[in-house]
Enquirer: 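Attaching a single structure in C-alpha cells format; questions to follow.
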Amino acid sequence: MGGLMFVLWVIRFFIFKLYESPKYLMGRGRDEAAVDVVHRVAEHNGTTSRLTLDELTQPGSLSFVNSREMDTSAKGVIARQLAKFDAGHMNSLFATKKLALATRGADFGDGSLYITYRNQVILSVIGVPGALLAGYMVEMPILGRRGTLAISTALTGALILASTTARTSNALLGWNCAYSLTSNVMYGVLYAVTPELFPTKDRGTGNAIVAGANRVFGVMSPIIALYANLTTSAPIFIAGAIFVVSGFIPLLLPFESRGRASI
C-alpha cells in the first residue's frame, strides 16, 4: 500500500501538470495569472477561452474597509476566514429552554483469521435490516423518533449486558448479532433525528457541536482501555449500563419531530 501511494505521488507531482485555481489567484489579487490559467486549461481540453483581463476586471474591484488594499498574505487570508465565525449560531441553539433541551452522546481461544472475518460478515449483514427497520419505526405514530430511539438504545444496552452470559464463541456471536441489529436501528434514528432538532439556520453549527462531542468521547474509549482492567467484565457492564440509561434521554426531549418542519 505504501509503495502504491508513493507511485501515485510521483505521478501527481512529476507527470500531471496541475494549475493553480483561478479563484485562489483572484483572491490573491493575481487576476492576470488567473486569466492565463483559464486559457491553459481550455487549451488542455482542446478548446479556447475568450476571457480577457479587461473582461475579468470590468465589474470593478471590491470595496474594503477604509479603502485599504486587501491583505493577500497567508496571515491576511486566515484572518478574513476567522472573521466569519461568531457565537451567533451557537447561542441560537440555546436561546430558549426548549431549544436547549432539544440540543442535548472474551477470549474463547478461537481467534483464527477465518472466524474473525466470518463473524464480521455475519454482523454486517445482520445490521442491514436494522437501518430499514429504523426507517419504518420512526414513522409509526405510536413510536415516532423519540420512542424508536429510546427502545433501540435501551435494548442495545440490555444486549451488551446479556452478552456477558456467553460461554462459547457461537453464543457470543448470537448476542452480537442481536446487538448489531438494535444498534443499527439506534444509530439510524440518532443520525437522522439530530438535524431535525436544530433550527434550520443553525443546523450546521448544531451538527458540528454534536459531531465534535462524539469524536472527543470516542477518543476517550481507547484511553480508558489503556488504564482499565480489560480482563474483567467491568467495562462491558459499564458500557451496557450507559446505553440503558441513555435510552431514557430521548423521552426527555421536549417535542416529537415526526411530521414537523424545522423553523
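It should be emphasised that the depicted structure is a prediction, and the values quoted were computed from it without experimental measurement.
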Enquirer: I need the minimum non-hydrogen distance between Ser152 and Val185, along with the two atoms involved.
Expert: CB-CG1, 3.6 Å
Enquirer: For Glu20, I'd like to know if atom CD has over 12 heavy atoms of other residues, nucleotides or ligands within 6.0 Å.
Expert: yes
Enquirer: Can you check whether Pro195's main-chain N or O pairs, donor with acceptor, with Arg203's side chain at less than 3.5 Å?
Expert: yes
Enquirer: Do Met140 and Leu155 land in one hydrophobic cluster if side-chain heavy atoms of ILVMFWY residues count as linked below 4.5 Å?
Expert: yes
Enquirer: Looking at Arg146 and Leu253, would you say the former's side chain and the latter's main chain have a donor-acceptor pair under 3.5 Å?
Expert: yes
Enquirer: Report the residue from Val138, Leu133, Thr153, Val193 that forms a side chain to side chain contact (heavy atoms under 4.5 Å, CB included) with Thr148.
Expert: Val138
Enquirer: Does Leu123 offer a backbone N or O that forms a donor-acceptor pair with the side chain of Ser180 under 3.5 Å?
Expert: yes
Enquirer: Return the CE to CD1 distance between Met137 and Ile142, rounded to the nearest 0.5 Å.
Expert: 10.5 Å
Enquirer: Where do Gly247 and Ala150 come nearest, in terms of heavy atoms and distance?
Expert: O-CB, 3.1 Å
Enquirer: Does the Thr182 side chain pair with the main chain of Tyr179, one donor and one acceptor, at a distance under 3.5 Å?
Expert: yes
Enquirer: Measure across Ser163 and Ile160 and return the closest heavy-atom pair with its distance rounded to 0.1 Å.
Expert: OG-O, 2.5 Å
Enquirer: Would you say Tyr19 ends up clustered with Leu25 if hydrophobic residues are merged whenever their side chains have heavy atoms under 4.5 Å apart, either directly or through other cluster members?
Expert: yes
Enquirer: Considering only heavy atoms from C-beta outward, does the side chain of Val37 approach that of Arg30 to under 4.5 Å?
Expert: no
Enquirer: To the closest 0.5 Å, what do you measure between CD1 (Ile126) and CG (Asn119)?
Expert: 11.5 Å
Enquirer: Using the side chain to side chain contact (heavy atoms under 4.5 Å, CB included) rule, pick out the option among Asn45, Thr47, Leu51 that qualifies with Ser49.
Expert: Leu51
Enquirer: Going hydrophobic residue to hydrophobic residue with side-chain gaps under 4.5 angstrom, can you get from Tyr136 over to Ile151?
Expert: yes
Enquirer: Quick one: closest heavy-atom pair of Pro22 and Ala34, and the distance?
Expert: O-CB, 3.7 Å
Enquirer: Given side chains that start at C-beta, do those of Arg145 and Glu139 come closer than 4.5 Å, heavy atoms only?
Expert: yes
Enquirer: For Ala131 and Asn184, work out which heavy atoms get closest and say how close.
Expert: N-CB, 4.2 Å
Enquirer: Between Phe243 and Leu159, does the side chain to side chain contact (heavy atoms under 4.5 Å, CB included) criterion hold? Intermediate values first, please.
Expert: CA-CA 10 Å; Phe243 274 99; Leu159 290 170; over 6 Å; no
Enquirer: Ignoring hydrogens and geometry beyond distance, is a side-chain donor-acceptor pair present between Thr156 and Ser183 at under 3.5 Å?
Expert: no
Enquirer: So which atom in Ala134 and which in Val189 form the shortest heavy-atom distance, rounded to 0.1 Å?
Expert: CB-CG2, 3.9 Å
Enquirer: To the closest 0.5 Å, what do you measure between CG (Asn214) and CZ (Phe217)?
Expert: 9.5 Å
Enquirer: Shared ILVMFWY cluster between Met26 and Val35, side chains joined below 4.5 angstrom?
Expert: yes
Enquirer: Donor-acceptor pair, distance only, cut-off 3.5 Å: does the side chain of Thr194 make one with the backbone of Leu190?
Expert: yes
Enquirer: Is Val7 reachable from Ile15 through a run of hydrophobic residues whose side-chain heavy atoms are each under 4.5 Å from the next?
Expert: yes
Enquirer: Going by heavy atoms in the side chains, are Leu149 and Met186 under 4.5 Å from each other?
Expert: yes
